[in-house]
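The structure appears below as structure tokens.
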Amino acid sequence: MVLLRRGFATMASIKKASKVVCIGRNYADHVTELNNTRPKQPFFFLKPASSILLPGEGPVIQPRGVNLHYEVELALILGKQVKNLEASDEQGALDAIESYALSIDMTARNIQNEAKKKGLPWDIAKGFDTFLPISKLINKSAIPDPHNIELYLTVNNEVRQNDSTELMLFRIPRILSDISKVMTLEAGDIVITGTPKGVGPVVPGDVMRAGIKVNGKELEDAKIEVGVEESKSSYIYAET
């Protein structure tokens, strides 16, 4: 039995998270590039823990009929329960984080676009197996200020995303506050904090590499390298 207490998060326990909460539309330029409306408050949705892809577990699988997009994001790994946190409690928010990680929120963009158009849930667009590659755990001491780090992602060594978390529309205390007033966050839960501009498609054969730089220095534990392969499943996306 895995005990998710402060200081006990491991790569194995990550896949046992009770939930993965994802902040959408948290960078202005990303809102613009997808022709979305800028939110007045943090906007979030869930991904299943079964979508988590740990380092070395294999490629991201592209379901047939899916237009697959990448979105690089800073992930927060919680170390204790958070409920009804006040947005003004910045220290309380940061103390609730046990460690960080880098993640890639893979998205079936054509399915998401259909869902938005028809008012349907996004679960299918975000929830396929392998749709959340995640890095090794990053010690908190390696990221003194999570609002001042550089996130980047390349596809076949071509830079696609490269921006600072200082561009977040909603900072971490506000994010955790808004989530915790809707649903209790538990130790071991994962919160991914939104993606900067530059999202786009990948296809089978592509290789994504992503990472974090702090004061221009690469964090080894944040590095992700993952390929894309086509699914051999009988599933083929069809319009709902």
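Quick caveat: nothing in here was measured; it's all calculated off a predicted structure. For this chain, numbers begin at 1 and follow the sequence in order.
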Salt bridge check, [Y] against [X]: does any charged N sit closer than 4.0 Å to a carboxylate O?
X: Lys117; Y: Glu239; value: no
X: Lys15; Y: Glu57; value: yes
X: Glu90; Y: Arg174; value: no

So, the side chain of [X] versus the backbone of [Y]: is there a donor-acceptor pair under 3.5 Å, distance only?
X: Asn110; Y: Gly65; value: yes
X: Tyr70; Y: Thr154; value: no
X: Ser103; Y: Pro133; value: no
X: Asn26; Y: Met168; value: no
X: Gln112; Y: Lys116; value: no

Closest approach of [X] to [Y] (non-hydrogen atoms, all atoms of both residues):
X: Ser51; Y: Gly127; value: CB-O, 4.2 Å
X: Gln41; Y: Asp178; value: CB-OD2, 4.1 Å
X: Leu94; Y: Lys140; value: O-NZ, 2.6 Å
X: Gln161; Y: Val199; value: NE2-CG1, 3.7 Å
X: Pro146; Y: Thr165; value: O-OG1, 2.7 Å
X: Val214; Y: Ala142; value: CG2-O, 3.7 Å

Rounded to the nearest 0.5 Å, what separates atom [atom1] in [X] from atom [atom2] in [Y]?
X: Arg64; Y: Tyr235; atom1: CZ; atom2: OH; value: 11.0 Å
X: Ile172; Y: Asp145; atom1: CD1; atom2: CG; value: 8.5 Å
X: Leu85; Y: Ser180; atom1: CG; atom2: OG; value: 5.0 Å
X: Ile104; Y: Ile224; atom1: CD1; atom2: CD1; value: 4.5 Å
X: Ile190; Y: Cys22; atom1: CD1; atom2: SG; value: 9.5 Å
X: Ile149; Y: Ile143; atom1: CD1; atom2: CD1; value: 4.5 Å

Test log, rule side-chain contact (heavy atoms from CB on, under 4.5 Å), inputs Met106 and Thr130: CA-CA 8 Å; Met106 304 304 300; Thr130 76; over 6 Å; no

Steps toward side-chain hydrogen bond (donor to acceptor under 3.5 Å, both in side chains) verdict (Lys83, Thr184): CA-CA 5 Å; Lys83 185 177 179 68; Thr184 300; 3.2 Å; yes

Is [Y] close to [X] at the side-chain level, that is, under 4.5 Å between some pair of heavy atoms?
X: Lys80; Y: Glu98; answer: no
X: Glu158; Y: Arg160; answer: yes
X: Asp221; Y: Leu137; answer: no
X: Val72; Y: Leu102; answer: yes
X: Leu46; Y: Val21; answer: yes
X: Leu151; Y: Glu73; answer: no
X: Asp163; Y: Lys197; answer: yes
X: Asp123; Y: Lys47; answer: no

Pair Ile77-Ile97, side-chain contact (heavy atoms from CB on, under 4.5 Å): steps then yes or no: CA-CA 6 Å; Ile77 315 300; Ile97 300 167; 5.8 Å; no

Can you list the residues that meet the side chain to side chain contact (heavy atoms under 4.5 Å, CB included) rule with [X], with sequence neighbours excluded?
X: Gln91; result: Asp89, Asp95
X: Glu150; result: Asn162, Lys213
X: Ser164; result: Asn148, Glu166

Trace of the side-chain hydrogen bond (donor to acceptor under 3.5 Å, both in side chains) decision for Asp189 with Ser18: CA-CA 6 Å; Asp189 282 354; Ser18 72; 2.4 Å; yes

Are [X] and [Y] joined in one hydrophobic group, where the rule is that I, L, V, M, F, W and Y side chains link up if heavy atoms are under 4.5 Å apart?
X: Ile175; Y: Phe45; value: no
X: Leu176; Y: Val182; value: yes
X: Leu53; Y: Leu153; value: yes
X: Leu34; Y: Val31; value: no
X: Val226; Y: Ile61; value: no

Neighbour count above 12 (heavy atom, 6.0 Å) for Leu167 CG: yes

Asn215 atom CG: more than 12 heavy-atom contacts under 6.0 Å: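 It does not: Asn215 CG has 12 such atoms or fewer within range.
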
Residues in ring-ring contact (aromatic ring centres under 6.0 Å, His included) contact with Phe131, at least two apart in sequence or another chain: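 ring-ring contact (aromatic ring centres under 6.0 Å, His included) list for Phe131, sorted by chain: Phe128.
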
Set of ring-ring contact (aromatic ring centres under 6.0 Å, His included) partners for Phe43, sequence neighbours left out: Trp122

Audit row: Met208, Val60, side-chain contact (heavy atoms from CB on, under 4.5 Å) steps and yes/no: CA-CA 10 Å; Met208 296 176 287; Val60 169; 4.0 Å; yes

Candidate pair Ile134 and Leu54, rule side-chain contact (heavy atoms from CB on, under 4.5 Å), full reasoning: CA-CA 6 Å; Ile134 197 162; Leu54 297 180; 3.6 Å; yes

Worked check of salt bridge (charged side-chain N to carboxylate O under 4.0 Å, His left out) between Arg109 and Glu71: CA-CA 11 Å; Arg109 190 70 73 200; Glu71 301 182 5; 2.8 Å; yes

Salt bridge (Lys or Arg N to Asp or Glu O under 4.0 Å) pairs, two or more places apart, involving residues 225-234: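 Non-adjacent pairs meeting salt bridge (Lys or Arg N to Asp or Glu O under 4.0 Å): Arg209-Glu225.
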
Evaluation steps, side-chain hydrogen bond (donor to acceptor under 3.5 Å, both in side chains), between Lys118 and Thr240: CA-CA 9 Å; Lys118 297 181 178 179; Thr240 301; over 6 Å; no

side-chain hydrogen bond (donor to acceptor under 3.5 Å, both in side chains) assessment of Tyr27 paired with Glu33: CA-CA 10 Å; Tyr27 289 78; Glu33 72 182 350; over 6 Å; no

